[in-house]
Amino acid sequence: RELLSLTRPTREAASRIERLSEYDQNLLNLIKGGSSSKELARLLNVSPRTIERRRSLILEQLEVRSMSEAVSLATRAEYACMFDHESAEF
């Protein structure tokens with residue numbers, strides 16, 4: 001029972017991350033890895049302004065106020081996916 005209560009918030013996080021397009025999920029993972037907007041723009045061959053706009057859209061879609069909240073949400077979502085995967089093996 002205790003384990004279930006711990007995983008509920010992470011499943012909610014996973015559900016919210018799934019709202020993002022594949023592109024934005026990948027972008028969020030790159031941001032989570034510490035890449036700056038300039039670095040991301042160079043890597044993805046887009047303008048820094050495009051990256052800033054995508055970051056804003058990610059915050060909107062995830063209903064969070066900061067990129068650190070978005071990164072935290074993504075981390076919890078990864079935990080939920082790992083937990084679900086491990087549970088399936090038992």
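All heavy atoms count here, side chains included; hydrogens, waters and symmetry mates do not. Just so it is clear, the model here is predicted, and its values are computed rather than measured. Position 1 is the first residue of the sequence, and the numbers go up from there.
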Exercise. Would you give the length of the straight line joining atom CZ of Arg55 to atom CG of Leu57, rounded to the nearest 0.5 angstrom?
Key: 12.0 Å

Quiz item: Of the options Glu12, Gln25, Gln61, Glu78, which is the one that meets Ile17 in a side chain to side chain contact (heavy atoms under 4.5 Å, CB included)?
Solution: Gln25

Quiz prompt | Reported CD1-to-CD1 distance for the pair Ile51 and Ile31, which is rounded to 0.5 angstrom | solution = 7.5 Å

Practice problem: Provide the closest heavy-atom pair for Pro48 versus Ala41 in the form atom of the first, atom of the second, distance. | Solution: N-CB, 3.6 Å

Quiz item: Between Thr75 and Val71, is there a donor-acceptor pair closer than 3.5 Å when you use the side chain of the first and the backbone of the second?
Solution: yes

Quiz prompt | Atom pair CE (Met67) and CG (Leu59), whose distance is rounded to the nearest 0.5 Å | solution = 4.0 Å

Self-check item: Atom pair OG (Ser56) and CD (Glu52), whose distance is rounded to the nearest 0.5 Å
Solution: 7.0 Å

Quiz prompt | Val64 and Arg16, any side-chain heavy atoms less than 4.5 Å apart | solution = yes

Practice problem: Look up atom OG in Ser37 and atom CZ in Arg54, then write down how far apart they are to the nearest 0.5 Å. | Solution: 13.0 Å

Quiz item: Step by step, would you call Leu44 with Thr50 a side chain to side chain contact (heavy atoms under 4.5 Å, CB included)?
Solution: CA-CA 10 Å; Leu44 300 173; Thr50 299; over 6 Å; no

Quiz item: Could you state the interatomic distance from CG (Leu20) to CG (Leu28), rounded to the nearest 0.5 Å?
Solution: 6.5 Å

Quiz prompt | Flag for Ser72-Arg76: side-chain donor and acceptor within less than 3.5 Å | solution = yes

